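The structure presented is a predicted model; accordingly, all values stated were derived computationally and were not measured. Proteins get letters first, then strands, A, B, ... in listed order; numbering begins at 1 in each.
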2 protein chains.
Amino acid sequence: MKIGELAMRTGCRVVTIRYYEREGLLPEPERSEANYRLYGETHVERLAFIRHCRALDMTLDEIRALLACHDDPEGTCHRADVLIDEHLTHVKARIAQLQALEDTLVALRARCQGQRSAAECGILNALAQPPRDAALNEDAEHVPGTHPRR
Amino acid sequence: MKIGELAMRTGCRVVTIRYYEREGLLPEPERSEANYRLYGETHVERLAFIRHCRALDMTLDEIRALLACHDDPEGTCHRADVLIDEHLTHVKARIAQLQALEDTLVALRARCQGQRSAAECGILNALAQPPRDAALNEDAEHVPGTHPRR
DNA sequence: ACACACCCTATAGTCTGTATAGGGTCAAGC
DNA sequence: GCTTGACCCTATACAGACTATAGGGTGTGT
């Protein structure tokens with residue numbers, strides 16, 4: 001099948017498939033006479049694996065490591081276990097950070113109901129003050145990813 | 001004060017301060033004879049405002065909008081209110097996504113205790129299957145940001 | 001013969017910074 | 001006077017995980 005069909009069957013964009021190939025996650029497929037990429041079922045499976053991992057928010061490096069496990073069925077899967085554990089730890093930490101952030105935003109939002117001028121606005125004034133609690137501390141690690149890119 | 005002192009007082013890196021200036025978030029300061037940037041207290045306050053907003057995971061565009069409110073004390077703060085509300089909605093949605101993700105990862109992790117070969121590993125096999133539940137669905141929006149960049 | 005959907009490569013842009021190269025300034029110590 | 005080291009400057013490239021664009025080739029239907 002051509003790249004468009006692979007894209008449809010995996011829910012992955014065409015450009016993204018080419019990107020994964022450049023990144024070494026997908027093997028280079030055969031080409032037609034017209035230099036079109038030609039894929040088989042093994043490519044569908046491998047790309048589904050990758051998208052599956054991406055849906056779990058793994059990095060391409062993590063996926064590379066999992067694919068290496070997968071490609072070595074004689075080896076142990078210990079590496080895969082550890083990777084999932086570490087990833088789970090990241091996700092949990094991220095949730096805790098975001099919940100602290102949510103609490104701070106709720107408190108901030110309660111400071112103004114929009115009826116006053118900007119000079120009197122509790123929100124703008126609170127933001128101008130040096131941060132007080134943990135979530136507002138300059139030392140707190142920045143928490144990225146609230147705004148999905150697309 | 002010079003840029004290094006501003007950086008120390010705000011917990012912001014020197015290169016990041018210059019970046020904010022290029023992005024138009026910080027006004028261009030005066031320069032010394034040797035072409036060094038020279039800052040005053042207003043810069044400290046403005047940079048603290050920015051870092052405060054960044055700690056709340058706002059984008060630079062959002063911060064630009066808040067600064068515009070802040071710079072127009074005669075105007076209404078309604079725009080600031082709406083912005084915080086929208087941001088809060090983003091954060092809440094992100095928490096829900098990550099919690100679904102966590103559940104899926106916990107279930108995945110339970111499939112293998114590392115004692116078997118990769119070919120028999122429940123984790124690798126599950127990842128090779130087409131996704132079943134919501135968090136693993138190809139249609140699910142990708143959830144970025146678990147891995148803080150630094 | 002032409003339109004149109006699909007394919008190709010190469011390059012640049014997104015966002016929020018970080019890293020590097022290659023240089024200038026200034027105070028302290030020898 | 002000279003060197004050392006900490007600090008400052010600009011410009012450019014890089015990070016991740018793609019997306020967008022330009023400029024072209026291929027294949028099918030009317």
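- If you measure from atom NE2 of A:H90 to atom P of D:dG16, you get 15 Å, rounded to the nearest angstrom.
- Spacing between atom CZ of A:R51 and atom C1' of D:dC18 amounts to 10 Å, rounded to whole angstrom units.
- A:R51 and A:Y20 share a side-chain donor-acceptor pair at under 3.5 Å.
- Distances shorter than 4.0 Å separate none of the side-chain N or O atoms of A:R37 from OP1 or OP2 on C:dC7.
- Within the structure, every side-chain polar atom (N or O) of A:Y20 is placed at least 4.0 Å from both OP1 and OP2 of D:dA17.
- Residue B:L60 contributes atom CG, which lies 13 Å from atom P of C:dT14 at whole-angstrom precision.
- Of all the heavy atoms in B:L66 and B:M58, the pair that sits closest is CD1-SD, 3.6 Å.
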(request) Determine, step by step, whether B:R9 and B:E41 satisfy the side chain to side chain contact (heavy atoms under 4.5 Å, CB included) criterion, reporting the C-alpha distance in whole Å, the side-chain angles of both residues, the deciding distance to 0.1 Å, and the verdict. (result) CA-CA 11 Å; B:R9 285 186 52 185; B:E41 288 307 313; 3.0 Å; yes

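- The shortest distance between the side-chain N/O atoms of B:R18 and the OP1/OP2 oxygens of D:dC9 is below 4.0 Å.
- Listed pair B:T16 / C:dT18 meets the phosphate criterion, a side-chain N or O lying under 4.0 Å from OP1 or OP2.
- At whole-Å resolution of the value, CD1 in B:I63 and C1' in C:dG17 are 13 Å apart.
- Which of C:dT16, D:dC9, C:dT18 sits closest to the side chain of B:R13 comes down to C:dT18.
- Set against C:dC8, C:dT18, C:dT25, the side chain of B:A34 has C:dT25 as its closest nucleotide.
- Of all heavy-atom pairs between A:A7 and A:C12, the closest is CB-O, 2.9 Å.
- In this structure, B:N35 places its CG atom 7 Å from P of D:dC9, rounding to the nearest Å.
- Whole-Å rounding puts the B:Y39 OH to D:dC9 C1' distance at 12 Å.
- In this structure, the OH atom of A:Y19 is 16 Å from the C1' atom of C:dA10, given to the nearest Å.
- Checked against C:dG17, D:dC8, C:dC8, the side chain of B:K2 finds its nearest nucleotide in D:dC8.
- One finds the CG atom of A:L25 at 5.5 Å from the CG atom of A:L60 (value rounded to the nearest 0.5 Å).
- Residue A:L38 contributes atom CG, which lies 11 Å from atom P of C:dC7 at whole-angstrom precision.
- Proximity of A:R54 to the phosphate of D:dG16: no side-chain N or O atom is located under 4.0 Å from OP1 or OP2.
- With hydrogens and angles left out, the side chain of A:Y36 and the base of D:dG27 share no donor-acceptor pair within 3.5 Å.
- The phosphate of D:dG16 (OP1 or OP2) has no side-chain N or O of A:R22 nearer than 4.0 angstrom.
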